[in-house]
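Just so you know, residue 1 is the first one in the sequence shown, and it goes up from there.
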Amino acid sequence: MSSQAPAAATTMHERVVAAAAELTLDVWWAGVTMGKLADRVGVSRQTVYNEVGSKPQLAEEMVLAELAKFLAVVDAAFDRHPDDLVEAIRAAARGVLELAALNALLQAVVSASYGAETELLPLLTTHNDALVLTANQAVRARVVTYRLDIADRLLDAAIDMVVRLVLSHVVHPTATPADTADDIAWISGRTLRP
């Protein structure tokens with residue numbers, strides 16, 4: 001069963017990563033091979049290797065591609081609240097958590113953690129360095145545009161706390177997105193007083 005990668009993916013690299021996400025939903029991560037991926041994209045196996053390297057590198061690329069979707073939600077939330085940092089964080093957290101609940105690839109990875117499909121889950125939990133670093137940098141770029149009276153070290157700690165807290169609730173939600181976002185906003189209001 002072969003299909004083309006989404007039209008939104010324009011470069012070969014984007015096409016390969018997008019097709020890998022689709023293939024993962026079809027055959028689970030354990031069933032993804034570079035050969036199957038090459039067939040899905042309509043290129044040689046060598047082209048796939050040239051674009052993404054090894055299968056672990058492909059997994060990280062998939063996670064970062066999904067992260068870009070979530071960071072777009074964060075950007076939109078900050079754009080809607082240019083004068084209120086706590087409301088921007090509340091809106092961003094809620095938007096991310098709502099998107100997480102609807103993201104088929106994320107849900108497949110998280111739900112598969114209870115079975116044999118655990119190879120991708122560490123990229124969201126214990127081996128998530130690239131994910132957390134990218135998210136921290138993106139959020140920091142937005143937060144520093146607000147008027148704050150906080151040392152850089154403490155600002156970085158607060159941002160890291162918010163990012164990790166949201167990520168924790170993405171992987172294991174314990175309340176509604178709205179309630180969790182309210183809690184995160186409350187914490188943020190006490191650590192990031194503008």
Under a 4.5 Å cut-off applied to non-hydrogen side-chain atoms, are [X] and [Y] in contact?
| X | Y | value |
| --- | --- | --- |
| L71 | T134 | yes |
| L192 | I150 | yes |
| L131 | E60 | no |
| M12 | V41 | yes |
| E61 | H13 | yes |

Report task. Begin from the C-alpha positions of L148 and L85 and carry the test side chain to side chain contact (heavy atoms under 4.5 Å, CB included) through to its verdict. Result -> CA-CA 9 Å; L148 299 172; L85 177 58; 3.7 Å; yes

Looking at [atom1] of [X] and [atom2] of [Y], how far apart are the two atoms once the value is rounded to the nearest 0.5 Å?
| X | Y | atom1 | atom2 | answer |
| --- | --- | --- | --- | --- |
| L167 | F70 | CG | CZ | 10.0 Å |
| L99 | R94 | CG | CZ | 13.5 Å |
| S44 | N50 | OG | CG | 7.0 Å |
| N103 | K69 | CG | NZ | 6.0 Å |
| L154 | M161 | CG | CE | 11.5 Å |
| W28 | L23 | CH2 | CG | 12.5 Å |

**Report entry** Exceeds 12 heavy-atom contacts within 6.0 angstrom, atom CZ of R153
**Finding:** no

Please check: side-chain N/O of [X] versus main-chain N/O of [Y], any donor-acceptor pairing under 3.5 Å?
| X | Y | answer |
| --- | --- | --- |
| R142 | A138 | no |
| T191 | I187 | yes |
| K36 | G31 | yes |
| T24 | A20 | yes |
| E14 | T10 | yes |
| R140 | I159 | no |

Requested in this report: State whether D39 and R45 are salt-bridged, where the test is any N-O pair (Lys NZ or Arg NE/NH1/NH2 against Asp/Glu carboxylate O) under 4.0 Å.
Outcome: no

Can you name the closest pair of heavy atoms from [X] and [Y] and give their distance?
| X | Y | result |
| --- | --- | --- |
| A135 | V163 | CB-CG1, 3.7 Å |
| A92 | A77 | N-CB, 3.3 Å |
| P177 | L97 | CB-CB, 3.7 Å |
| P82 | Y146 | O-CE2, 3.3 Å |
| V86 | S188 | CG2-C, 4.5 Å |
| V48 | M34 | CG1-SD, 3.5 Å |

Query raised in the report: Which is it for D183 and L165 under the side chain to side chain contact (heavy atoms under 4.5 Å, CB included) test, yes or no, and what are the steps along the way?
Result: CA-CA 10 Å; D183 294 345; L165 188 54; over 6 Å; no

Requested in this report: Decide yes or no on side chain to side chain contact (heavy atoms under 4.5 Å, CB included) for L58 and L37, but give the supporting numbers first.
Outcome: CA-CA 11 Å; L58 173 61; L37 184 53; 3.6 Å; yes

Requested in this report: May I ask you to check whether S54 and Q57 show a side-chain donor-acceptor distance below 3.5 Å?
Outcome: yes

